[in-house]
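See below for the structure under consideration.
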Amino acid sequence: MKEEINLEIYNTESRKKERITPAPGESTLRMYTCGPTVYNFAHIGNFRTFVFEDLLRRAIKYFGIPLIQVMNFTDVDDKTIAGALKKNLDLKTYTKIYEDAFLEDLKTLEIEPVEIYAAATDYIPEMIEMIETLLKKGIAYVGKDGNIFYSIKEFPSYGRLSHLSLEDLKVGASLRVSTDEYEKESVADFVLWKSYDKERDGSIFWQSPFGPGRPGWHIECSAMATKLLGPSIDIHVGGVDNMFPHHENEIAQSEGCTGKKFVRHWMHSEHLLVDGKKMSKSAGNFYTLRDILEKGITGKEIRYLYLQTHYRTQLNFTLQGLAASRHALSRFRDFIHRLKDIQEGDTFSSGAIIEETRQKFKKALGDDLNVSVALAALFDFIREINARCDEKKISGKDSQELLVFLEEVNRVLGVLPLREKEVEIPADINEAFLGREAARKAKNWKEADHFRDYIHSKGYLIEDSPQGSRIKKAEV
Ligand code: AMP
Ligand code: ZN
């Protein structure tokens with residue numbers, strides 16, 4: 001009997017691996033992922049988190065669980081407003097530039113579109129409604145400056161996600177933060193609604209029962225998640241920097257409003273470092289995805305680099321790492337071409353190895369998305385099949401089934417070069433290749449070597465195999 005393999009994922013809140021399922025009585029899993037702040041092109045750190053969320057999404061579906069995923073665009077906050085004012089554009093025109101760029105970048109990284117993208121500015125009435133509820137319940141209050149704050153002492157389990165103890169923190173109404181982002185050291189009442197400040201906000205504001213102004217960042221996600229997925233959701237994901245204060249505040253707001261458990265399962269991915277250091281503009285190691293593509297690196301190479309490192313470990317982004325990704329992808333590419341070249345024979349003898357590899361792959365994924373173990377199973381598989389190819393034991397039928405299996409695992413990885421066309425070979429290279437073939441047939445080795453050297457000098461390689469020879473582009 002086949003072993004049942006489940007998807008188990010680490011829950012940041014319980015600090016345990018737990019099985020992922022829809023809520024009891026539900027058939028679809030509801031997942032909310034904090035999206036980009038659209039004030040600039042997203043950087044390679046952001047995309048580590050977004051590739052991880054894509055892997056999670058694909059794994060959930062691979063395990064046969066129906067899914068609805070929401071990703072928001074933070075298109076109103078301190079940074080987007082400052083950016084729009086600086087460029088003298090209205091907020092929507094300014095943020096749309098970066099929303100569109102983000103959707104383009106997702107395609108480059110083979111990230112699947114989610115079911116619902118939600119822009120915060122389309123949900124202001126829902127945010128206002130939540131703030132009104134919190135005011136009515138006495139969990140929020142109006143500060144002297146007209147800003148509305150969340151009173152964290154009214155929510156006794158505040159801090160439970162990031163494991164802060166309120167008792168250790170001297171919190172009180174005198175401690176308040178009105179910026180969207182702050183550190184753990186400044187745990188305090190946080191802002192829900194910022195009253196209009198002409199100098200800071202230009203002409204960007206919304207009317208509300210509490211006067212003109214705009215929402216704080218944290219209430220945005222609470223309102224969108226509740227409106228689009230209901231008061232209780234199954235999985236909520238973000239980068240580790242989102243855990244405090246953003247997700248902590250989301251719990252306080254949502255549960256303060258609805259009285260229901262907001263999220264069953266919290267997940268956070270660790271940060272990306274560049275050459276071992278925190279990425280920052282001042283350190284000169286800050287890169288958008290577009291900066292890296294300009295260096296001739298492909299989206300798939302970046303995606304592969306991201307997938308290899310477990311999401312709860314910091315990922316070090318280096319040129320050597322990218323070169324290793326390129327090399328690994330070219331091993332897959334060679335293998336795929338080799339299989340595609342086999343056409344003869346209708347015996348099938350690969351069923352057992354496919355099934356064994358599938359089990360290993362699934363088991364590794366099910367264990368908190370252990371992709372490096374899943375990839376190791378695939379490389380063992382490639383080695384074994386290559387050995388059988390050398391012995392001419394792989395038939396056309398085998399190769400078809402093996403390719404179907406690679407398609408299957410690629411539903412999760414999204415990175416295998418299965419659909420790539422053969423590289424366009426320039427005419428002079430092709431001619432030299434045919435010349436070499438003819439020289440080899442005539443056992444004219446010197447001339448054959450001469451042709452091969454010419455091909456190499458132009459950056460191409462000849463691969464000889466029992467099925468014949470082919471040209472491919474050399475790795476750089
Ligand atoms: P932001 O656009 O700043 O709201 O961030 C979008 C997503 O990227 C959030 O889930 C962040 O937690 C995540 N993020 C930000 N910086 C990094 C980084 N260096 N490494 C990984 N994820 C990050
Ligand atoms: Zn969020």
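Note that this is a predicted model, so its numbers are computed, not measured. FYI, side chains are in, hydrogens and waters are out, and symmetry mates aren't considered; it's all heavy atoms of this structure. Read the numbers this way: they start at 1 and go in the same order the structure lists the ligands and their atoms.
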Between [X] and [Y] (judged by ring centroids, cut-off 6.0 Å), do the two rings come close enough to count as a pair?
X	Y	result
F332	F379	yes
F361	F381	no
Y117	F73	yes
F190	F149	no
F102	F50	yes

Report, as a single number, the protein N, O or S atoms less than 2.8 Å from the Zn ion (ligand 2). 3

Amino acids contacting ligand 1, non-hydrogen cut-off under 4.0 Å: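 Lining ligand 1 at under 4.0 Å, by heavy atoms, one finds G35, P36, T37, H43, G45, N46, T49, F50, G238, G239, D241, N242, E270, H271, L272.
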
Sort out for me which residue in E355, K362, K363, E356 forms a side chain to side chain donor-acceptor pair (under 3.5 Å) with Q359.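 It is E355, the one option of E355, K362, K363, E356 that forms the side chain to side chain donor-acceptor pair (under 3.5 Å) with Q359.
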
Any pair counted as side chain to side chain donor-acceptor pair (under 3.5 Å), so long as it reaches residues 234-245, sequence neighbours left out: D234-R264, H236-E250, D241-H271

Test ring pair (Phe, Tyr, Trp, His ring centres under 6.0 Å) applied to H43 and Y98, Y287, F286, the passing residue: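 In the set Y98, Y287, F286, the residue that makes a ring pair (Phe, Tyr, Trp, His ring centres under 6.0 Å) with H43 is F286.
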
Tell me which donor-acceptor pairs under 3.5 Å the side chains of residues 124-140 have, and how far apart each pair is, sequence neighbours excluded?
{"unit_1": "T133", "atom_1": "OG1", "unit_2": "E129", "atom_2": "O", "d": "3.0"}
{"unit_1": "K137", "atom_1": "NZ", "unit_2": "G256", "atom_2": "O", "d": "3.0"}
{"unit_1": "K137", "atom_1": "NZ", "unit_2": "C257", "atom_2": "O", "d": "2.9"}

